[in-house]
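Not measured: the values here are computed from a predicted model.
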Amino acid sequence: MSFLDKLFKKKIEGKTAEGWYGLAVSETDPEKKIEYFDKFLELKPDFAGAWNLRGLEFVLLKRYEDAIASFDKALEIRPSYPEAKYNREDAETELRKIRVAEEKTREEKTREEKEEEKEEK
């Protein structure tokens with residue numbers, strides 16, 4: 001087998017990159033899809049589309065920081081990738097919403113604690 005044949009037939013756990021990609025796109029469980037995309041990306045790390053799709057699975061799981069990292073990787077490979085840009089912006093927006101909500105919750109809790117202290121005095 002020539003060097004190029006070995007390169008194109010490289011496998012992880014008995015599957016080629018194409019095999020892992022096929023599993024990833026046909027899977028319905030986001031956690032499994034991510035696992036399969038990870039295997040695919042071990043074999044083909046410069047495939048921007050897979051990084052973008054991986055990021056979308058993280059969005060479904062509300063793991064926005066992981067999603068942003070995947071979209072960043074897609075954009076590193078293909079800087080003008082419009083879907084990855086949009087998806088990154090969307091994930092950043094959702095992450096900001098969560099952080100604002102968390103901050104409001106902390107402020108409310110602090111305010112309630114101060115009110116309780118006043119009542120106890």
Undergrad: When hydrophobic residues are tied together by side-chain contacts of less than 4.5 Å, even through go-betweens, does Leu23 share a cluster with Phe47?
TA: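 Yes, Leu23 and Phe47 fall within the same hydrophobic cluster.
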Undergrad: Less than 4.5 Å apart, any side-chain heavy atom of Val25 and any of Phe37?
TA: yes
Undergrad: If you measure from CZ on Arg63 to CD1 on Ile68, what distance do you get to the nearest 0.5 Å?
TA: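 Taking CZ in Arg63 and CD1 in Ile68, the distance rounds to 13.0 Å.
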Undergrad: Return the set of residues passing side chain to side chain donor-acceptor pair (under 3.5 Å) with Lys33 (not counting sequence neighbours), or none when no residue passes.
TA: none
Undergrad: Is there a side chain to side chain contact (heavy atoms under 4.5 Å, CB included) between Leu61 and Ile34 once you walk through the steps?
TA: CA-CA 11 Å; Leu61 296 170; Ile34 291 166; 3.7 Å; yes
Undergrad: Applying side chain to side chain donor-acceptor pair (under 3.5 Å) as the test, list every pair that has at least one member in residues 90-103; sequence neighbours left out.
TA: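 Residue pairs with at least one partner in residues 90-103: Glu65-Arg99, Arg88-Glu92, Thr93-Arg96, Glu94-Lys97, Glu103-Arg106.
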Undergrad: Pair Lys44, Glu18 - check side chain to side chain contact (heavy atoms under 4.5 Å, CB included), show working.
TA: CA-CA 9 Å; Lys44 296 207 177 208; Glu18 290 74 19; 3.4 Å; yes
Undergrad: How long is the span from the CZ atom in Phe40 to the CG atom in Leu53, to the nearest 0.5 Å?
TA: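 Answer for the CZ-CG pair, Phe40 versus Leu53, is 9.5 Å.
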Undergrad: Is there side-chain contact between Asn52 and Asn87, with at least one heavy-atom pair below 4.5 Å?
TA: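 In short, these two side chains touch, coming nearer than 4.5 Å.
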Undergrad: Hey, could you give me the NZ/CD distance between Lys39 and Glu35, rounded to the nearest 0.5 Å?
TA: 6.5 Å
Undergrad: Rounded to the nearest 0.5 Å, what's the gap from CG on Asp72 to NZ on Lys85? Could you check?
TA: 12.0 Å
Undergrad: My understanding is that only residues two or more places apart in sequence, or in another chain, count here; which of them pass side chain to side chain donor-acceptor pair (under 3.5 Å) with Glu76?
TA: Lys73
Undergrad: Identify the heavy atoms of Ala67 and Ala91 that sit nearest to each other, and give their distance.
TA: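 Smallest heavy-atom distance, with atoms named: CB-CB, 4.4 Å.
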Undergrad: Tell me the side chain to side chain donor-acceptor pair (under 3.5 Å) pairs involving residues 20-30, sequence neighbours left out?
TA: none
Undergrad: Tell me which pairs pass ring-ring contact (aromatic ring centres under 6.0 Å, His included) where either residue lies in residues 56-96, with sequence neighbours left out.
TA: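 Of all non-adjacent pairs touching residues 56-96, none passes ring-ring contact (aromatic ring centres under 6.0 Å, His included).
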Undergrad: How far apart are the closest heavy atoms of Ser80 and Pro82, and which atoms are they?
TA: O-CD, 2.9 Å
Undergrad: Under the rule for side chain to side chain donor-acceptor pair (under 3.5 Å), what residues qualify as partners of Asp38, not counting sequence neighbours?
TA: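 By the side chain to side chain donor-acceptor pair (under 3.5 Å) rule, Asp38 matches Arg54.
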Undergrad: For Arg78, enumerate each residue passing the salt bridge (charged side-chain N to carboxylate O under 4.0 Å, His left out) test, keeping only those at least two apart in sequence or located in another chain.
TA: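 Residues passing salt bridge (charged side-chain N to carboxylate O under 4.0 Å, His left out) with Arg78: none at all.
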Undergrad: Considering non-hydrogen atoms only, spot the tightest contact between Ala74 and Ala84 and give its length.
TA: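 Closest pair (atom of Ala74, atom of Ala84, distance): CB-CB, 4.0 Å.
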